[in-house]
Structures are given as structure tokens and as C-alpha cells.
Amino acid sequence: MMMSASEAAKRAAEHVTAMTGRTAESVVGIERAGEDGWRVCVEVVETHRIPDSADILAIYDTEVDADGELVSYRRVRRYPRGRVERD
């Protein structure tokens, strides 16, 4: 049986924390990856600065299998906190 989206998000955040040594701040995206896994985008604070609004954040794209084990991860983007994306 496939794990729920919320469990997959939790496991992905734990894996990113373990692999990078940085705390996952939030899950910013999730989707099924085929029939037996999840693709999860996890936001991480890469560099803490003072004030917090100057922090550098990153998005890690991960994939976890049906058991919640990490299949792949990679950093796809870095940006300053508070930066608004334009469409």
C-alpha cells in the first residue's frame, strides 16, 4: 500500500535534514511519482543571517519510494527569504 502524501512529505523533510545537516522549513510541493512513490519539494534555510529576512533559502527536489525511503534528491534553487517570484 502506498503511503499518504502527508507521510511522504514528512519522510522527505527528514531525509533532506539528514543529508544536508540543515533543518527543513516547509514542504512547498508534492506529487505522485508513478505508482510507487512521491516527488516532494522541501524548502530549507541554507544560511541564517541577521535579520532573518536576509536568510538564504533553498528548494530541494526529492523522490521517496512507497516505503518512504529516499530515491533521489537535489538542490534546484537558492534565493533570499522574502523574494517574490514574478509570473
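Heads up: numbering here begins at 1 and tracks the sequence. Note that the structure is predicted; figures quoted are calculated from it, not measured.
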Next item on the list: Determine the minimum heavy-atom distance between V40 and A8, stating which atoms define it.
Entry: CG2-O, 4.1 Å
Next item on the list: With the side chain counted from C-beta on, respond yes when E43 and Y79 share a heavy-atom pair under 4.5 Å apart, and no when they do not.
Entry: yes
Notebook entry, point to check: Do I50 and L57 belong together in a cluster built from hydrophobic side chains that touch within less than 4.5 Å?
Noted result: no
Checklist line | Smallest separation among heavy atoms of C41 and I59, with atom names | finding: CB-CG2, 4.0 Å
Margin query: Could you see if V76 belongs to whatever hydrophobic cluster contains V42? Use Ile, Leu, Val, Met, Phe, Trp, Tyr and a side-chain cutoff under 4.5 Å.
Written below: no
Note to self: Using the rule side chain to side chain donor-acceptor pair (under 3.5 Å), only one of R74, E46, R77 pairs with Y60; which is it?
What the structure shows: E46
Check: How long is the span from the OG atom in S4 to the NZ atom in K10, to the nearest 0.5 Å?
Finding: 10.0 Å
Item checked: Set of residues satisfying salt bridge (charged side-chain N to carboxylate O under 4.0 Å, His left out) with respect to D65, sequence neighbours excluded -> none
Notebook entry, point to check: Looking at residues at least two apart in the chain, or sitting in another chain, which of them share a salt bridge (charged side-chain N to carboxylate O under 4.0 Å, His left out) with R32?
Noted result: none
Notebook entry, point to check: Would a 4.5 Å heavy-atom cut-off, applied to side chains only, mark R75 and T20 as touching?
Noted result: no
Item checked: Distance in Å, M3 CE paired with D36 CG, rounded so as to fall on 0.5 Å steps -> 11.0 Å
Next item on the list: Would you mind reporting whether I56 and R49 have side-chain heavy atoms less than 4.5 Å apart?
Entry: yes
Check: Looking only at heavy atoms, which two atoms of V44 and A24 are closest? And how far apart?
Finding: CG2-CA, 4.1 Å
Next item on the list: For R81, check salt bridge (charged side-chain N to carboxylate O under 4.0 Å, His left out) against everything at least two apart and list the hits.
Entry: E25, D55
Note to self: Ignoring hydrogens, what is the shortest heavy-atom contact between A5 and I30? Give both atom names and the distance.
What the structure shows: O-CD1, 3.2 Å
Notebook entry, point to check: Between CZ of R22 and OG1 of T17, what distance do you get to the nearest 0.5 Å?
Noted result: 11.0 Å
Margin query: Is any side-chain heavy atom of V64 closer than 4.5 Å to one of H15?
Written below: yes
Check: Does the side chain of Y73 reach to within under 4.5 Å of the side chain of M19, using non-hydrogen atoms?
Finding: yes
Notebook entry, point to check: For T47 and R78, what are the C-alpha separation, side-chain angles and deciding distance, and is it a side chain to side chain contact (heavy atoms under 4.5 Å, CB included)?
Noted result: CA-CA 10 Å; T47 305; R78 291 183 81 205; 3.9 Å; yes
